[in-house]
Amino acid sequence: MDWWRTAVVYHVYPRSFADGNGDGVGDLVGVLRRLPHLQRLGVDAIWLSPFYPSPMADGGYDVADHRDVDPSLGTLADFEKLVAAVHDLGMRLIVDIVPNHTSDQHPWFREALSAPSGSPARQRYVFRNGRGSRGEQPPSDWRSHFGGSGWERVADGQWYLHLFAREQPDLNWDDADVRRYFLDTLRWWADLGVDGFRVDVAHALAKDLSEPLRSQPNLDSRLPLDGTDPLYDRDEVHDIYRSWRRLFDEYQPPLMAVAETWTPTNSRTYLYARHDELGQVFDFSLIKSRWDGPSYRRVIRRSMEDHRRQADDGGGLTWVLSNHDVPRHASRLALPPDADIEAWLLSGGTRPRIDLDLGRRRARAAGLLLLALPGSAYIYQGDELALPEVADLPVEFLRDPVWHRTGGALRGRDGCRVPLPWTRTGPSLGFGDAGAWLPQPAWLADYSVEAQDPDPDSTLNLYRAAIALRRKLLTSGAPLTWYDGDPSLLHFRHGNGWECVVNFGDRAQSLPPGEVVLASQVLEPGARNLPPDVAVWLRSGDQRPDSETSAPLPPG
Ligand code: TEU
């Protein structure tokens with residue numbers, strides 16, 4: 001079986017993981033030194049967010065050279081050491097590929113700026129004349145995800161497209177140079193030994209750039225879902241991934257890949273996971289779901305159903321609770337159901353006040369659920385510590401272009417990128433020998449690996465135990481059996497008798513029969529009740545009828 005189908009993948013945001021050279025910024029040597037933590041955690045693979053040369057207009061997702069390491073993060077020799085060490089420990093390494101745009105400091109874009117309009121150098125990007133009598137208006141109403149117009153004007157009067165920051169010009173995937181360059185880049189990293197790729201904004205590469213450019217003033221929420229949008233999730237994008245798959249299959253074992261697509265629903269999401277395409281696509285439905293039994297049950301079952309219908313035999317399921325783009329779930333899950341998370345972030349995490357004990361409790365339950373679901377689980381660095389969002393970073397430290405481009409209307413993503421706490425003390429809590437590029441609040445020390453390691457009931461030890469047990473229990477194939485009952489109870493069983501039960505309600509529920517093999521909170525010995533916001537794994541002796549495996553999905 002392909003290793004990635006059931007893999008636990010640990011997502012490292014290199015600048016915030018561990019600092020090997022004491023300059024306050026995490027780096028590859030830092031990752032290398034902290035591999036024992038990941039081995040002890042028991043993960044199968046590590047995904048590294050971009051570590052390529054970058055002027056850092058968007059946390060490294062503005063890549064200036066796709067085949068090198070940013071000097072502040074190390075060297076190619078460090079990378080080679082890291083690949084070898086990861087493999088020696090029996091783990092795999094996945095790197096991020098950012099094909100929708102480059103940095104404005106990429107040699108191609110510099111060349112484009114000094115080349116005339118209509119030149120081959122400009123063809124690699126999306127340059128257009130403006131509207132209005134003097135071309136003073138942007139060529140279309142397309143918007144940047146980070147706020148404002150998606151177009152920027154250059155000295156000779158033309159405009160270029162950037163769906164993200166202005167320092168991230170979009171590439172033109174109709175251009176043969178662009179297609180070849182990325183195939184060569186994938187091969188280049190594969191030849192260095194990487195095992196797979198995470199594909200950034202995978203649904204945006206193919207665009208309808210025919211004139212006149214069509215209107216699309218919306219970003220995510222009101223996109224058509226039929227492949228006809230000019231910018232996102234067009235049918236032709238799949239041809240690109242078919243060509244990538246042919247390259248991936250030249251390797252033994254074939255390389256894996258996972259698409260990042262923030263599509264509004266997953267009615268087409270799993271197409272990216274087809275066997276002749278990427279194999280995996282992130283399913284963000286747990287990130288988007290409210291914390292209640294019916295919602296979780298609905299999105300999980302819907303994803304499984306969509307996956308079955310769209311991805312054919314080739315694709316694998318994936319589950320995610322947090323990543324470097326969203327507020328950490330230990331805080332998110334502590335918010336009242338109807339709270340506006342953006343408003344909470346803007347208030348510096350003060351309104352409404354959140355109950356962090358509740359957040360931790362739910363984060364632990366969610367972690368057990370994540371690891372019990374069939375498919376692959378992606379863990380963001382710090383999830384294993386139940387790290388909360390650092391919502392009160394002083395604004396002068398904020399780096400995210402989301403904050404800057406929206407003029408402070410959105411707080412941005414820095415609060416989930418604060419350097420990890422490894423020890424209780426030290427200048428940056430063991431992150432490195434010096435400070436940390438984003439300030440760590442003092443309370444972070446209590447969440448450190450050092451603080452959690454000796455405590456058998458810590459979140460860290462819960463994750464370790466769950467990952468080890470999952471390795472024994474998780475089989476692929478047989479469909480889950482879902483149990484009816486109180487809607488606040490989510491309860492399913494794998495074919496081998498392994499069950500997961502989560503109580504989303506606000507009162508205790510009686511525990512279904514079976515032996516408790518793991519619980520997200522300490523339960524009294526012989527307890528027959530499952531308290532609120534707690535998950536358990538059970539091993540059931542009895543073979544109850546598969547009551548619902550074929551029942552129709554609830555609406556919504
Ligand atoms: O994110 C893609 C993306 O669509 C984001 O705008 C996402 O919607 C947002 O961050 C959610 O808050 C990817 C990367 O993960 C992100 O870090 C980059 O900034 C972005 O691409 C541009 O490369």
Side-chain angles (χ1 to χ4, degrees), residues 9 11-16 47-52 54-64 66 94-106 109 142-148 150 161-171 182 197-205 207 216 218-223 229 231-233 237 258-265 269 272 281-288 318 320-329 331-332 340-342 344-346 378 380-381 389 398-406 409-417:
V9 182
H11 172 192
V12 167
Y13 189 73
R15 287 178 171 78
S16 305
W47 147 37
L48 294 177
S49 269
F51 49 83
Y52 314 115
S54 166
M56 284 291 288
D58 180 23
Y61 282 88
D62 47 323
V63 180
H66 294 80
I94 299 167
V95 299
D96 218 302
I97 197 93
V98 189
N100 180 67
H101 42 265
T102 67
S103 159
D104 62 350
Q105 299 306 310
H106 190 282
F109 193 70
W142 300 349
R143 299 181 52 74
S144 156
H145 284 271
F146 295 158
L161 178 68
H162 61 90
L163 293 181
F164 292 89
R166 79 159 73 82
E167 297 87 351
Q168 291 168 295
D170 276 54
L171 286 162
F182 275 92
F197 298 95
R198 175 265 190 192
V199 185
D200 190 60
V201 230
H203 60 315
L205 309 195
K207 300 179 177 79
Q216 177 46 286
N218 300 315
L219 281 170
D220 291 321
S221 55
R222 277 167 291 159
L223 298 177
D229 186 80
L231 298 174
Y232 298 103
D233 193 34
V237 79
V258 55
E260 186 226 23
T261 68
W262 280 95
T263 45
T265 76
T269 303
Y272 294 82
V281 56
F282 285 133
D283 188 316
F284 293 131
S285 46
L286 297 183
I287 291 183
K288 296 175 191 163
T318 61
V320 191
L321 289 167
S322 278
N323 63 31
H324 67 301
D325 288 334
V326 296
R328 287 185 174 275
H329 61 274
S331 298
R332 216 169 63 221
D340 174 349
I341 193 150
E342 291 299 343
W344 177 77
L345 288 172
L346 277 177
Y378 281 78
Y380 178 49
Q381 63 182 37
E389 181 79 359
L398 300 182
R399 303 277 186 93
D400 190 349
V402 170
W403 164 258
H404 294 283
R405 281 192 63 91
T406 61
L410 292 176
R411 183 82 179 198
R413 302 162 293 178
D414 293 296
C416 65
R417 300 176 179 178

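Scope of the values below: all heavy atoms of this structure, side chains included, with no hydrogens, waters or symmetry mates. Indexing begins at 1, ligand by ligand and atom by atom, following the structure's order. If you read the sequence from its start, that first residue is 1, and numbering goes on from there.
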Inset, instruction - Check the angle between the aromatic planes of Tyr13 and His324 and answer parallel, tilted or perpendicular using the 30° and 60° thresholds. - result: parallel
Ligand 1 to Phe146, heavy atom cutoff 4.0 Å, flagged ligand atoms 19 (O)
Cut-off 3.5 Å, side chains only: do Thr318 and Asp283 have a donor facing an acceptor? no
Nearest heavy atom to atom 6 (O) of ligand 1, choosing from Phe164, Phe284, Trp262, belongs to Phe164
task = Determine, using ring centers only, whether Tyr272 and His203 are less than 6.0 Å apart.
result = no
Counting from 1 in the order shown, the ligand 1 atoms closer than 4.0 Å to a non-hydrogen atom of Arg417 are 17 (O)
His101 heavy atoms within 4.0 Å reach ligand 1 at atoms 22 (C), 23 (O)
For this session: Determine, using heavy atoms of Val201 and all atoms of ligand 1, whether some pair is separated by less than 4.0 Å.
Result: yes
For Asp58, the ligand 1 atoms with a heavy-atom partner under 4.0 Å come out as 18 (C), 19 (O), 20 (C), 22 (C), 23 (O)
The option among Leu410, Asp96, Asp325, Asn323 carrying the non-hydrogen atom nearest to atom 11 (C) of ligand 1 is Asp325
Contact region, His203 to ligand 1, non-hydrogen atoms below 4.0 Å, reads neither
Next item on the list: Using a strict cut-off of less than 4.0 Å between a Lys/Arg side-chain nitrogen and an Asp/Glu carboxylate oxygen, indicate whether Arg332 and Glu389 qualify as a salt bridge.
Entry: no
*asked:* Any donor-acceptor pair under 3.5 Å linking the side-chain atoms of Asn100 with those of Asp200?
replied: no
Ranked by distance from atom 1 (O) of ligand 1, the top protein heavy atom is Glu260 OE2, 3.0 Å
#### Entry: Trp47/Phe282 aromatic ring centres below 6.0 Å
yes
* Asked: Would you say Glu260's side chain and Val201's backbone share a donor-acceptor pair under 3.5 angstrom?
  -> yes
Taking only non-hydrogen atoms of His324 and a 4.0 Å limit, the atoms of ligand 1 in range are 14 (C), 15 (O), 16 (C), 17 (O)
Atom 10 (O) of ligand 1: closest protein heavy atom, distance to 0.1 Å, is Arg413 NH1, 3.1 Å
Do Asp104 and Gln168 have side-chain atoms, one donor and one acceptor, less than 3.5 Å apart? no
Note: Arg198, heavy atoms under 4.0 Å from ligand 1, region reported as side chain
Among non-hydrogen protein atoms, atom 13 (C) of ligand 1 lies closest to Asp200 OD1, 2.8 Å
Under 6.0 Å between the ring centres of Phe51 and His66?
-> no
